[in-house]
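Please read the structure below before turning to the comments.
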Amino acid sequence: MATTAQTIAAAIPKPRGIAKYLVWSIDHKVIGIQYIATSFFFFLVGGLLAELIRIELLTPAASLMVDGGAYNTLFTMHGTIMIFLFVVPMLAGFGNYLVPLMLGQKDMAFPWLNAFAFWMLPPAGVIMLAGWLVGPAQAGWTSYFPLSGPQYSPFDGQTLWAISLHLIGASSILGAINFIVTILNMRPPGMTIWQMPLFVWATLATSILVLVATPFLAGGLTLMLLDRLAGTSFFSPATGGDPLLWQNVFWFYSHPAVYIMVLPAMGILSEVLPVHARKPIFGYRFIALSSLAIAFLGCIVWGHHMFTSLASWARIPFMLTTMLIAVPTGVKMFSWLGTLWGGKIRFTSAMLFALGFLSMFVLGGITGIFLASVPVDIHLHDTYFVVAHLHFVLFGGSVFAIFAGLYHWFPKMSGRMLNERLGKVHFALTYVGFFLSFFPMHFLGLEGMPRRIYTYDPKYEALNALSTIGALILAVAIVPFLVNLVVSLTAGKPAGSNPWRALTLEWMTSSPPPDHNFDEPPIPAHDPYGYGTPEGAAYLASGGKMAPSAGGHGYLHADQPIERPATGD
Amino acid sequence: MKLNRFAIYIVVGAAFIAIGILVGLSARLLPVAASAEAAAVDSLFNFMLAIAVVVFLIVEGGIIYSIIRFRRRPGDETDGAPIHGNTALEITWTAVPAVIVFVLSIYSYQVYMTIRNPEPKDNEVRIGVIGQQFAWKFTYEMPEDDDPKVTPELRERIKQYMVDSTLYVPLNRPVRAIIESQDVIHSFYIPEFRVKQDATPGRISEAYFTPVKKGEWWVVCAELCGVGHAAMSQLNKVVVLEQSEFDQYIATLYAKAKATASDPRSPEVGKQLVINKYACGACHVLDDAGLVGNIGPSLNGIATRAAGHAERGEGLVGGTDAAAYIRGSIVNPNLYVVPGYAAGIMPQNYGNPNVMSEDDLEAIVNYLLTIR
């Protein structure tokens with residue numbers, strides 16, 4: 001039967017090699033890599049903008065920028081690109097590539113819709129960058145009215161910004177529908193919802209969140225476009241509109257967006273940690289349920305972004321819900337620690353980045369509590385403390401997890417291993433550069449330095465210089481990774497199907513997997529995290545064919561890495 | 001052995017808590033606390049900091065201990081022990097953070113209730129704060145004045161001049177800032193007072209603080225407001241004065257405002273006339289007064305051009321200086337017509353004192369002479 005599928009696949013002429021990633025494809029693996037490659041390009045663009053920001057901030061006076069407008073454009077585009085064109089689609093790329101494989105399926109539920117969702121992204125990226133040709137957006141990624149309205153932002157870049165986000169939002173909604181349908185309907189026989197890999201759980205929680213929240217972004221953007229182009233005044237106070245309406249609608253999407261960017265990253269962590277610590281995930285159900293709890297709470301905390309503009313009584317309920325988010329987040333942190341505890345930790349590059357996440361994300365979580373407290377937030381709101389906090393969450397969290405995921409699954413995607421030595425250099429430079437860039441910003445914010453300024457009080461100079469040095473280290477840090485990618489793609493050590501001896505289904509097929517993913521319907525392990533159990537060892541020994549009854553296998557022995565037996569074609 | 005390990009946990013935990021308390025008591029991370037509210041916020045902050053340090057040490061300590069203690073030894077190909085969880089432990093690390101954030105919420109709520117002060121107090125000082133691209137301005141209440149010459153109408157005029165670019169506040173008296181914006185959103189922020197409130201156009205917001213230290217600090221704009229946002233944070237100062245100094249300041253400001261408002265020929269009066277009485281904006285552009293007409297020539301930079309016309313002796317009435325050119329253009333507009341515009345469009349009757357009084361004319365001339 002495998003042969004039949006292959007014959008049909010072979011009958012249709014298909015581009016090979018790099019070319020297949022440049023054309024329309026409904027193969028979720030191609031689409032996943034298209035997402036990952038596209039968003040990685042935008043990571044480099046956003047990173048370049050960040051370097052320009054930091055170079056400008058090296059000294060208190062204006063140095064690089066002609067005026068504040070040019071600087072406002074820099075951080076507006078940096079924030080927008082990093083969020084909407086890098087982190088969100090990058091994690092969607094992981095989801096696309098991994099979810100069908102982890103569920104032992106040929107593809108997503110709606111392959112054509114999947115491709116369509118991806119192909120909205122490149123035009124969105126072009127439209128966003130085209131802002132520079134017509135006067136780019138400069139009202140910040142939050143684009144508060146009236147600053148982003150027609151009177152104060154007359155340039156067309158602001159309109160393009162909204163159109164681009166509209167496309168990305170639509171893409172995101174289509175992707176979410178696809179994930180939910182796939183995950184709820186296409187689990188293989190023998191995999192209950194409580195046996196799904198935690199990355200799949202995280203993707204499910206994220207997709208629900210996308211489906212609830214993103215329509216609000218679309219609504220807000222539509223009103224923004226009407227205000228800018230059709231002369232309406234939903235948000236303009238001079239003609240009866242309300243600027244706070246934009247803030248409410250925008251944050252009703254954009255706070256959940258934080259979790260859209262963090263939950264899948266947490267899912268990656270829950271996959272990488274057990275495999276490289278050789279130990280079952282600690283507290284599977286608590287981790288799975290905490291994803292849902294975070295998704296739910298994430299929808300009712302948006303007001304904490306408005307602690308200095310909301311009516312004062314309305315700030316209290318948002319303080320309470322925001323504080324509560326610490327609980328499920330803490331559950332995850334401690335469960336991951338419990339996973340490490342008693343393991344046999346292998347310091348692979350993937351594991352180092354996962355440990356980087358653990359050690360840095362915790363700071364982002366702790367500073368979140370300070371910002372949840374209304375009286376403390378009133379002092380810290382819109383200062384560099386917030387910039388530090390969000391980068392510890394989104395860089396210390398999401399970006400570290402993304403790199404952990406890339407090192408972990410690159411062998412599956414390419415069939416070749418990444419170079420571990422270069423990976424460790426990459427990690428060390430990224431870790432140091434990250435900490436130096438963003439840790440000093442806490443102190444700047446506590447001292448009262450506001451964000452989004454390009455000239456500043458000279459008393460802030462020393463810490464800003466330190467931060468700029470960190471940013472330059474980060475710029476260097478990406479070089480070994482790029483070299484590693486290029487070299488390993490052509491000359492990397494062959495990976496084999498399961499180089500990490502992992503138990504989830506994506507490893508139970510060749511690397512890269514064939515077009516149809518599995519030659520035979522795979523049988524999921526009884527426990528996707530059963531490291532150290534006889535069943536797990538037997539399952540690995542059989543190459544995922546089936547765990548024979550635990551019988552003759554020694555306890556705690558996973559034996560040597562096992563290659564998948566050749567399939568007869 | 002088991003007791004030993006338990007003892008170690010206790011000792012390490014106690015050490016972490018001790019470090020947390022020490023940091024919470026000794027950290028000086030916030031700027032000088034110059035308001036009564038700042039002291040309350042700082043206590044809360046330091047309390048949170050102490051807890052944060054303990055949590056941070058437990059997590060980072062756990063990570064560092066794990067990567068050392070549970071690292072794979074060379075040659076060891078086995079897996080770790082198959083421990084899937086521990087329900088008691090999991091409930092503990094759900095419940096303990098829940099209790100901590102509950103305590104922090106209550107404490108935060110308490111502090112917030114003491115600093116937000118919505119009830120008007122007898123001794124409070126009310127000061128208007130107006131945000132605009134790209135500066136703050138501050139308006140002050142007028143003192144009592146029993147001068148019989150001060151009619152309600154004059155008092156209304158004086159009020160317009162009770163404005164300053166520096167925020168002066170008295171020591172040890174609660175200040176209620178009444179915050180507005182003229183254009184986009186700004187955010188009124190004084191780090192040393194721990195006070196911040198957005199100035200949202202179309203709304204009136206309030207902020208409260210009680211200065212308890214003498215000094216001068218920046219009034220920062222914390223919300224992105226456009227090209228000049230950065231400069232707006234290093235432009236206006238707040239100055240805390242003794243009550244007597246503050247009274248003195250208000251008296252001086254009032255005297256100046258009164259003099260300006262009482263002089264019927266002052267430029268400020270001229271500006272109001274241009275805007276309100278003579279509808280110059282129907283035809284002329286003048287940014288300073290917000291006029292947007294497009295029928296007659298622009299008045300922006302008029303004083304500079306008037307000086308040029310005066311040198312060439314064009315269209316002068318009642319003198320030979322720039323003022324004479326402006327006066328001429330008003331009372332006899334056809335005397336000199338700006339190229340590109342037709343004669344006879346501008347009203348011809350402003351020379352009639354019944355239409356425009358001598359005082360009004362001179363006030364407008366004096367005002368336009370400030371438009372360079």
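Numbers restart at 1 for each chain; the letters A, B, ... are given by sequence-line order, proteins then strands.
- Heavy atoms of Ile64(B) lying under 4.5 Å from chain A are absent altogether.
- Under the 4.5 Å side-chain criterion, counting only non-hydrogen atoms from C-beta, Pro31(B) is in contact with His379(A).
- Note: Ile83(B) leads Val111(B), Ile115(B), Leu44(B), Ile83(B) in heavy-atom pairs under 4.5 Å with chain A.
- With a threshold of 4.5 angstrom between heavy atoms, Tyr152(A) approaches chain B through side-chain atoms but not through N, CA, C or O.
- At a threshold of 4.5 Å between non-hydrogen side-chain atoms, the residues Val184(B) and Gln151(A) do not count as touching.
- With a 4.5 angstrom heavy-atom cutoff, Phe370(A) touches chain B via backbone and side-chain atoms both.
- Using a 4.5 Å cut-off between heavy atoms, Asp183(B) contacts chain A through both its backbone and its side chain.
- The candidate from Glu90(B), Arg71(B), Glu37(B) with the greatest count of non-hydrogen atom pairs under 4.5 Å with chain A is Glu90(B).
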Practice prompt. Take Ser373(A) and Phe45(B) through the side-chain contact (heavy atoms from CB on, under 4.5 Å) test and state the conclusion after the steps.
Written response: CA-CA 9 Å; Ser373(A) 165; Phe45(B) 174 83; over 6 Å; no
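- Interface remark: Thr329(A) contributes no atoms to any contact with chain B (heavy atom separation under 4.5 Å).
- Contact count versus chain A (heavy atoms, under 4.5 Å) is highest, among Gly202(B), Ala222(B), Gly62(B), Ala95(B), for Ala222(B).
- The line from CD1 of Ile63(B) to CH2 of Trp341(A) is 11.5 Å long, rounded to the nearest 0.5 Å.
- The shortest non-hydrogen separation linking Ser66(B) to Leu340(A) is CB-CB, 3.9 Å.
- Side-chain contact check for Tyr71(A) versus Val227(B): every heavy-atom pair is 4.5 Å or farther apart.
- Contact annotation for Gln133(B): only side-chain heavy atoms (C-beta onward) come within less than 4.5 Å of a heavy atom of chain A.
- Counting only heavy atoms from C-beta outward, the side chains of Ile345(A) and Arg72(B) never approach each other to under 4.5 Å.
- Between Arg28(B) and Leu446(A) there is no side-chain heavy-atom pair separated by less than 4.5 Å.
- Partners of Leu57(B) by side chain to side chain contact (heavy atoms under 4.5 Å, CB included), not counting sequence neighbours, listed by chain and number: Phe16(B), Ile19(B), Val53(B).
- With chain A as the partner, the residue from Leu30(B), Val96(B), Leu224(B) showing the most heavy-atom pairs under 4.5 Å is Leu224(B).
- For Arg315(A), the part lying near chain B is the side chain, with the backbone staying farther off; criterion is any non-hydrogen pair under 4.5 Å.
- In plain terms, the two heavy atoms of Thr308(A) and Gln197(B) that are nearest each other are O-NE2, 3.0 Å.
- Residues Met323(A) and Ser105(B) come closest through the heavy atom pair CG-OG, 3.4 Å.
- Lys344(A) has no carboxylate O lying under 4.0 Å from a charged side-chain N of Asp79(B), or vice versa, which leaves the two without a salt bridge.
- With a 4.5 angstrom heavy-atom cutoff, Ala372(A) does not touch chain B via any of its atoms.
- Only the backbone of Phe145(A) comes within less than 4.5 Å of a heavy atom in chain B; its side chain stays farther off.
- Here the side chains of Val362(A) and Glu60(B) are in contact, with some heavy-atom distance below 4.5 Å.
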Fill in: CA sep, side-chain torsions, deciding dist, call: Arg285(A), Thr87(B), side-chain contact (heavy atoms from CB on, under 4.5 Å)
CA-CA 10 Å; Arg285(A) 277 185 193 231; Thr87(B) 310; over 6 Å; no
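- If you measure heavy-atom distances from Arg73(B) to chain A, you find no contacts under 4.5 Å at all.
- The greatest number of non-hydrogen atom pairs below 4.5 Å with chain A, out of Ile67(B), Val32(B), Ile51(B), Ile100(B), is found for Ile67(B).
- Ring geometry for Phe334(A) against Trp93(B) counts as parallel: the plane angle stays under 30°, on a 0 to 90° scale with 60° as the upper cut.
- For the set Thr200(B), Val41(B), Leu29(B), the entry with the most heavy-atom pairs within less than 4.5 Å of chain A is Leu29(B).
- The nearest pair of heavy atoms linking Val101(B) to Ala326(A) is CG1-CB, 3.9 Å.
- Using a 4.0 Å cut-off between charged nitrogen and carboxylate oxygen, Asp377(A) and Lys196(B) do not count as a salt-bridge pair.
- Only the side chain of Lys459(A) comes within less than 4.5 Å of a heavy atom in chain B; its backbone stays farther off.
- The greatest number of non-hydrogen atom pairs below 4.5 Å with chain B, out of Gly530(A), Ala62(A), Ser312(A), Gly338(A), is found for Ser312(A).
- Applying the side-chain hydrogen bond (donor to acceptor under 3.5 Å, both in side chains) test to every pair with at least one member in residues 218-230 of chain B, sequence neighbours left out, gives these pairs: Asp457(A)-Trp218(B).
- Of the atoms belonging to Val59(B), heavy atoms from both backbone and side chain fall under 4.5 Å from chain A.
- Contact detail for Met48(B) and Ile369(A): the closest heavy-atom pair is CE-O, 3.3 Å.
- Contact count versus chain B (heavy atoms, under 4.5 Å) is highest, among Asp67(A), Leu355(A), Asp242(A), for Asp242(A).
- At a threshold of 4.5 Å between non-hydrogen side-chain atoms, the residues Arg346(A) and Asp76(B) do not count as touching.
- Contact annotation for Phe102(B): neither backbone nor side-chain heavy atoms come within less than 4.5 Å of a heavy atom of chain A.
- Interatomic distance, OG of Ser309(A) versus CD1 of Ile185(B), reported as 7.0 Å (0.5 Å rounding).
- Within the 4.5 angstrom heavy-atom criterion, only side-chain atoms of Phe75(A), from C-beta onward, approach chain B.
- The parts of Thr94(B) that come within reach of chain A are both its backbone and its side chain, each placing non-hydrogen atoms under 4.5 angstrom from that chain.
- Rounding to the nearest 0.5 Å gives a distance of 8.5 Å between OG of Ser359(A) and CZ of Phe56(B).
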Item to complete: Walk me through it: do Ile453(A) and Met232(B) pass the test side-chain contact (heavy atoms from CB on, under 4.5 Å)?
Response: CA-CA 10 Å; Ile453(A) 57 175; Met232(B) 201 171 156; over 6 Å; no
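- Annotation for Ile366(A) and Ala52(B): closest pair CG2-CB, 3.3 Å, computed over non-hydrogen atoms.
- Within the 4.5 Å cutoff, the side chain of Glu77(B) has no heavy atoms near those of the Arg278(A) side chain.
- Taken from CE in Met319(A) to CG in Leu104(B), the straight-line distance is 9.5 Å, to the nearest 0.5 Å.
- Using a 4.5 Å cut-off between heavy atoms, Arg194(B) contacts chain A through both its backbone and its side chain.
- No more than 12 heavy atoms of other residues, nucleotides or ligands shown are found within 6.0 angstrom of CH2 on Trp313(A).
- For the options Val331(A), Leu324(A), Leu380(A), heavy-atom pairs under 4.5 Å to chain B are most numerous at Val331(A).
- When each of Ala238(A), Ser335(A), Gly240(A) is checked for heavy-atom pairs under 4.5 Å with chain B, Ser335(A) comes out on top.
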Discussion item. Show, in sequence, the C-alpha distance, side-chain angles and deciding distance for His381(A) and Tyr189(B), and conclude whether the side-chain contact (heavy atoms from CB on, under 4.5 Å) test is met.
Written reply: CA-CA 10 Å; His381(A) 206 87; Tyr189(B) 177 32; over 6 Å; no
